[in-house]
Amino acid sequence: MKLGKTSETSRSRSRGEQELWAVPELPGVEEGRRQTLFHRWDPRIKIASLLLFSFCAASVGTVGTALLCCAVSASALMVAGTPWRLAARRIAAMAAFLAMFFVVLPLTVPVLPGDQVATLGHGTWIQINFRGFSVAALVAAKAMSVALLMEPLLRTSPFPRTVNALARLGVPDPLCQMLLIMYRYVFVFRHEMSRLWVGMNVRGFRPGTNRRTIHILGNFLGMLFVRSLERTERVHEAMLCRGFTGRFPTRESFRSTPLDWALGAGWVLGGVAVLLLDRYETLPFSGVFR
Amino acid sequence: MHIADGVLPTKVALACYALSAGCLSLSLRKTRAQDLPKVAVMTSAFFVASLVHVPLGPTSVHLLLPGLVGILLGWSAFLAVFLGLLLQCLLFQFGGLTALGANALMMGLPAWLSGAFFTRFRNSPDRVRILAGAMASGTAVAVAACGLAMLLALGGEDFFGVAKIALAAHVPVVVVEALVTASVLAFVGRVKPELITQGAWKAEWR
Amino acid sequence: MHLQAIPIHRPQQSASCVYRLEGVDYTYPNGNRALRGINLCIHEGDRIALLGHNGSGKTTLARVLSGLARPARGRVLFEEAPLEPHRLGHLRKKVGFLFQDPDDQLFCTSVLDDVLFGLINFQTPPEGAAQRALGALAQLGLEDTAHKAPHHLSYGQRKRAALAAVLALYPSVLILDEPTANLDPASEDLLAQVLKGYAGTLICISHDLLFLYGLCTRAVVLQDGCLHHDTSFEALISHRRSLQEHGLDFTFRFRCCDSPGRHVGAGRSPVRSTANDPSSSLPPARSAHVCRVSAGEAGSDACQRPEQPPILELHQYTYRYKDGAVALRDVSLQVRRGERVALVGPNGAGKSTLAACLAGIRSGSGRYRFDGKIVDNRRRRELWRHVGLLFQDSADQTVCSRCYDEVAFGLRNLGWPESKVHQKVRAMLRWAGLGDLENRVPQHLSGGERKRLALASVLAMEPDVLILDEPTAGLDPQAEENLLKLLDEVEATILLISHDICFVSMLTDRTILLHRGKIVRDVPTWRFLKDENLHSLYGLDFTYYNRCCREIQHLQETASETADGKGAPFNGL
């Protein structure tokens with residue numbers, strides 16, 4: 001971190017700053033060096049078709065098909081060439097939520113005829129139903145398959161372009177503009193907050209489970225809100241000064257080629273195929289997991 | 001806690017999308033066009049604030065803040081919640097893209113609720129106001145937790161247990177959230193009272 | 001009484017009026033009257049310095065001029081026609097406003113988008129717009145950063161980008177709010193150059209008279225929302241009493257810009273331990289002698305005082321960022337108890353990183369001993385008890401809603417009993433001249449008061465080492481002088497990071513020059529000041545400022561001679 005207001009190079013700010021509340025970034029400009037299939041794809045078609053595929057992947061009912069979806073997403077990730085590390089971070093973000101399923105489901109899933117059940121200890125009050133594991137695995141696999149797809153979806157075109165594509169797909173303009181403004185100010189506030197946090201830290205504040213922590217955290221958040229409210233006014237005035245009339249100018253143009261459409265159709269068909277497979281249980285190993 | 005992809009049945013996820021689209025358009029209509037950039041800036045502050053973890057014994061909980069969003073933003077709260085969750089999903093994968101509608105409903109409706117409740121107390125004396133804020137905020141989290149449990153339970157009988165556990169896990173969050181809100185309101189009430197008495201840029205219930 | 005002293009500013013009659021303000025009042029929604037009965041005429045091509053204390057209404061006036069605030073009473077005429085809502089669009093095309101915080105003005109995801117924002121809003125044809133945008137960026141040395149996201153730019157770069165976004169619109173009136181606050185010298189130079197080349201009407205709010213000198217020809221001074229002076233800039237700066245009255249008297253700076261050789265001790269009070277009555281509550285008294293280096297000792301590069309053990313000791317200390325970029329390279333350094341050391345160097349030299357390492361916020365590789373003991377991870381977490389940090393922006397250091405709590409914050413973290421905290425807080429607030437502001441909200445204080453509050457809250461914890469990061473940034477000269485007085489009383493070891501050579505010379509004995517993460521010079525301050533090659537070599541050129549300083553001093557001296565003594569009323573020229 002920098003002491004106080006930063007005036008040094010961006011490098012020292014973004015990297016040196018405490019890793020508190022690290023916010024991952026999405027690409028801001030076109031990357032010249034890497035040009036995979038995903039990078040060249042018209043963002044509008046990319047978003048629409050990948051989103052459709054995601055919904056298909058999220059609605060499968062067997063572990064086998066869900067794993068197949070995972071494989072498809074993972075290969076997309078490989079083709080897009082985005083770093084695995086970032087995809088792993090996404091999975092780590094869901095880990096706690098999914099772990100809960102693995103712990104809780106085996107203990108609470110109602111016993112159906114044909115379920116394998118193990119009883120712990122003497123009493124019957126702790127029962128482990130192995131069907132619970134497979135249900136949890138299904139949920140985890142589905143979540144993974146969508147999460148893995150996010151990197152190829154978001155990291156292969158600049159974020160503003162992605163948002164503009166969303167606008168072309170029918171998402172209301174104001175929402176898209178707001179998303180871009182938010183994306184900008186999240187980083188501003190993060191820096192502001194970590195400076196404040198460091199300021200409290202060097203005066204010996206260490207959070208714990210006590211009244212004082214709650215009080216100081218309240219001050220801290222209050223400070224953040226007060227400062228951000230003051231900033232909203234100034235940002236708005238700065239916009240007015242430069243001729244803002246309620247609409248953000250866009251200069252993005254999209255062009256689609258037959259290849260783009262073919263790719264999109266391929267993904268949609270893939271999604272439908274996965275659903276059909278799932279419905280008719282034709283996968284060789286689907287019965288195993290069932 | 002946010003629902004990940006693949007937990008909800010697709011029908012439920014789509015229905016939630018449709019419902020939250022309705023709420024979103026209502027929220028958009030109730031926000032003046034010139035205030036939209038301000039809502040966006042304020043939302044990023046909430047976004048950053050929700051990254052703060054409050055230590056709780058051996059673990060920590062992160063703040064959800066639906067109550068405070070409602071208190072400060074009024075009708076625009078749903079908009080803020082939706083955008084905040086969308087960005088969280090895009091950047092962190094907290095909550096899945098397919099479950100975004102459900103997550104937005106789960107947080108956005110309690111935010112509205114707490115805003116509507118608190119608005120009567122905007123000009124009350126300090127102590128009453130803080131108490132009302134804490135109650136609004138605690139209730140908002142409780143309602144959100146119930147929403148989460150309900151949505152999970154919609155996945156079928158298999159998920160009833162998870163739903164109950166999720167509900168129980170939110171009890172400490174309700175308490176922490178209420179206390180933090182009280183403390184935030186006390187601070188803001190001294191430093192910038194107009195933020196509470198009028199809401200951000202007069203986001204009163206119109 | 002005062003009005004008689006205002007010489008009427010009479011510009012050449014030919015120039016037409018861009019703005020005419022007639023009895024303008026402005027009241028904030030919370031009832032705060034920011035402007036009262038302002039009558040002002042701004043001519044085309046005027047270069048106006050808008051001056052006054054914090055809270056005197058300068059920014060409000062700028063907002064009125066840029067059509068952001070509608071006066072409650074009175075008329076604003078822009079180009080001789082009343083400013084009505086339907087003419088705002090026209091005004092905004094012609095008037096550019098540079099905000100104080102560049103983050104307010106850069107709201108797009110890339111710098112180029114930000115510059116284009118206004119151009120597209122004002123319907124400039126796309127090809128022309130892109131050209132103009134790139135031209136404006138190039139003018140401010142930002143060609144390479146056009147496609148970067150603003151949060152990847154340094155503060156100085158962001159400030160310049162914001163100016164580029166304004167200048168790309170070719171405004172005929174340019175209003176600047178504190179353009180130099182917190183700015184690094186290199187960016188400031190570039191800014192000054194660009195502004196000098198700007199041909200239109202210029203209105204500049206600033207405390208930095210040295211920056212304004214040579215840029216502005218007319219001075220408008222506000223006090224409590226009223227117009228106090230409207231005169232030529234030279235007339236104002238040559239009249240010390242008016243400067244004093246408006247907190248603008250920076251003559252204390254003359255002491256450091258004099259002829260070389262008079263640096264050392266010239267600005268320093270010979271006795272450090274001043275007559276502070278609660279001396280027991282102040283940081284522990286310095287047992288060491290002040291390190292005084294006379295001119296005869298010029299041979300020794302560092303201040304040698306073997307009898308004192310070093311309090312800070314770095315040995316081959318290296319700090320790397322996560323991606324491997326090196327911020328500090330093999331830094332070895334010893335600071336003895338009671339020394340006052342300045343850390344100077346161009347931007348990105350690693351000054352702040354070094355300070356952060358010393359304060360235990362970051363840790364690199366190499367040996368760091370504090371007070372003779374090796375700082376391991378456990379001790380690093382406890383360093384806050386011994387090292388105090390004063391941030392550049394005091395807003396980052398105030399987290400409580402009462403001044404009292406702010407000072408008590410650290411003491412409570414130290415686990416002091418409440419009765420002792422109470423005594424100490426009272427004493428510190430009194431010391432900082434904030435004795436009667438105990439219950440005020442820190443965020444409502446002026447910049448100078450807030451800085452002193454931050455200093456009091458750091459010093460209350462009785463640190464052995466005090467690290468100051470750009471303490472003068474954004475303060476008006478009056479506040480600077482007050483701060484300097486307070487700092488001179490501090491007995492702790494001081495490490496000062498500053499671009500402000502004047503402050504360095506007045507507060508420190510020893511100067512460490514950092515360049516690209518390495519210590520390139522470690523010399524007594526007076527020697528550092530004499531070595532002008534060194535300054536230009538590392539982009540720390542302040543000879544221009546010295547020259548301005550001397551010219552202004554000369555102006556003041558001649559003015560007071562002609563006015564026959566100090567007490568004469570201000571008659572201008």
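Because the structure is a prediction, the values reported are computed rather than measured.
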Asker: Counting heavy-atom pairs closer than 4.5 Å to chain A, which one of C/G96, C/P171, C/A473, C/C108 comes out on top?
Answerer: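 Most heavy-atom pairs within the cutoff with chain A belong to C/C108.
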Asker: Is C/Q123 close to chain A through its backbone or its side chain, or both, or neither, when contacts mean heavy atoms under 4.5 Å?
Answerer: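 Answer is neither: C/Q123 stays 4.5 Å or more from chain A.
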Asker: Who wins among C/A165, C/A149, C/G388 for the most heavy-atom pairs under 4.5 Å with chain A?
Answerer: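 Answer, by heavy-atom pair count under 4.5 Å with chain A: C/A165.
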Asker: Can you name the nearest heavy-atom pair linking A/R231 to C/D104, along with the distance?
Answerer: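 Residues A/R231 and C/D104, closest heavy atoms: NH1-OD1, 2.7 Å.
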Asker: For the residue pair C/D396 and A/E192, what are the closest heavy atoms and their distance?
Answerer: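 Heavy-atom minimum between the residues: OD1-O, 4.4 Å.
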Asker: Could you check whether any side-chain heavy atom of A/E25 comes within less than 4.5 Å of a side-chain heavy atom of C/H151, counting everything from C-beta outward?
Answerer: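 SC-SC contact between A/E25 and C/H151 confirmed.
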Asker: Heavy-atom distance under 4.5 Å to chain C: side chain of A/M239, backbone, both or neither?
Answerer: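 It is both, since atoms from each part get that close.
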Asker: For the CG atom of C/D405 and the NE2 atom of A/H215, what is their distance to the nearest 0.5 Å?
Answerer: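 It is 6.0 Å, given to the nearest 0.5 Å.
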Asker: Return yes when atom CZ of C/R320 has more than 12 non-hydrogen atoms of other residues, nucleotides or ligands closer than 6.0 Å, and no otherwise.
Answerer: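 Open: at most 12 neighbouring heavy atoms sit under 6.0 Å from CZ of C/R320.
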Asker: By a 4.5 Å heavy-atom criterion (distance strictly below it), what part of C/F122 contacts chain A: side chain, backbone, both, or neither?
Answerer: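 Interface part for C/F122: side chain.
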Asker: Check whether C/L98 gets within reach of chain A through its side chain, its backbone, both or neither, counting any heavy atom under 4.5 Å.
Answerer: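 The answer is neither part of C/L98.
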Asker: Sort A/F187 into side chain, backbone, both or neither according to what part of it lies under 4.5 angstrom from a heavy atom of chain C.
Answerer: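 Contact with chain C: side chain only.
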Asker: Using a 4.5 angstrom heavy-atom cutoff, name the option from A/F220, A/Y183, A/Y185 with the most pairs to chain C.
Answerer: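 Result: the option with the highest number of such pairs is A/Y185.
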Asker: Please examine the side chains of A/E237 and C/F97, heavy atoms only from C-beta on, and report whether any two atoms are closer than 4.5 Å.
Answerer: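 Contact flag for C/F97/A/E237 side chains = no.
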Asker: Where is the tightest heavy-atom contact between C/F99 and A/C241, given as atom of each residue plus distance?
Answerer: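 Closest pair (atom of C/F99, atom of A/C241, distance): CE1-SG, 4.3 Å.
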Asker: Could you check whether C/D103 pairs with A/R184 (Lys NZ or Arg NE/NH1/NH2 to Asp/Glu carboxylate O, under 4.0 Å)?
Answerer: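 Counted as a salt bridge, because a side-chain N and a carboxylate O are separated by less than 4.0 Å.
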Asker: Would you indicate whether the side-chain heavy atoms of C/M461 and A/V202 approach each other to under 4.5 Å?
Answerer: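 No, side chains not in contact.
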Asker: Of the backbone (N, CA, C, O) and the side chain (C-beta and beyond), which part of C/F107 lies under 4.5 Å from a heavy atom of chain A, both, or neither?
Answerer: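 Both backbone and side chain of C/F107 come within 4.5 Å of chain A.
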Asker: What part of C/S457 gets within 4.5 angstrom of chain A, counting heavy atoms only: side chain, backbone, both, or neither?
Answerer: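 Answer is both: backbone and side chain atoms of C/S457 are under 4.5 Å from chain A.
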Asker: Taking the side chain from A/R242 and the backbone from C/L169, do they hold a donor-acceptor pair closer than 3.5 Å?
Answerer: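 No: the side chain of A/R242 does not pair with the backbone of C/L169.
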Asker: Please check if the number of heavy atoms outside C/R516 that lie under 6.0 Å from its CZ is greater than 12.
Answerer: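 No, CZ of C/R516 has 12 or fewer neighbouring heavy atoms, counting only those of other groups under 6.0 Å.
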Asker: If you define the side chain from C-beta out and look only at heavy atoms, does anything of A/M223 sit under 4.5 Å from C/Q443?
Answerer: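 With C-beta onward as the side chain, the pair touches.
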Asker: Kindly indicate whether the side chain of C/N413, heavy atoms from C-beta on, has any atom under 4.5 Å from the side chain of A/M200.
Answerer: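 In short, these two side chains do not touch, never coming nearer than 4.5 Å.
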Asker: Which word best sums up how the rings of A/F244 and C/F117 line up, parallel for under 30°, tilted for 30 to 60°, or perpendicular for over 60°?
Answerer: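 Correct class here is parallel.
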Asker: Can you give me the closest heavy-atom contact between A/I216 and C/F409, atom names plus distance?
Answerer: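 Nearest heavy atoms, A/I216 then C/F409: CD1-CE1, 3.4 Å.
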Asker: With a 4.5 Å cut-off on heavy-atom pairs, point out which of C/L119, C/L88, C/L106, C/V458 contacts chain A the most.
Answerer: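 Counting heavy-atom pairs under 4.5 Å, the top option is C/L106.
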Asker: Examine whether an atom of C/R385 lies under 4.5 Å from a heavy atom of chain A, and if so say whether it belongs to the side chain, the backbone or both; otherwise answer neither.
Answerer: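 Neither part.
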Asker: Count the heavy atoms belonging to other residues, nucleotides or ligands that lie under 6.0 Å from CZ of A/R206, then report whether that count exceeds 12.
Answerer: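 Atom CZ in A/R206 is crowded, with more than 12 foreign heavy atoms closer than 6.0 Å.
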Asker: Do C/Q392 and A/R195 come close enough that some side-chain heavy atom pair is under 4.5 Å?
Answerer: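 No. Closest side-chain heavy atoms not under 4.5 Å.
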Asker: Return yes when atom CH2 of A/W261 has more than 12 non-hydrogen atoms of other residues, nucleotides or ligands closer than 6.0 Å, and no otherwise.
Answerer: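 Counting neighbours around CH2 of A/W261, 12 or fewer heavy atoms of other residues, nucleotides or ligands fall under 6.0 Å, so no.
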Asker: At a 4.5 Å cut-off on heavy atoms, which part of C/T398 comes close to chain A: side chain, backbone, both, or neither?
Answerer: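 Both backbone and side chain.
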Asker: Under 4.5 Å from any heavy atom of chain A, what part of C/D177 do you find: side chain, backbone, both or neither?
Answerer: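 C/D177 has no heavy atom closer than 4.5 Å to chain A.
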Asker: May I ask you to decide if C/A395's main-chain N or O and A/R227's side chain share a donor-acceptor pair within less than 3.5 Å?
Answerer: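 The answer is yes, because a donor-acceptor pair under 3.5 Å joins these two groups.
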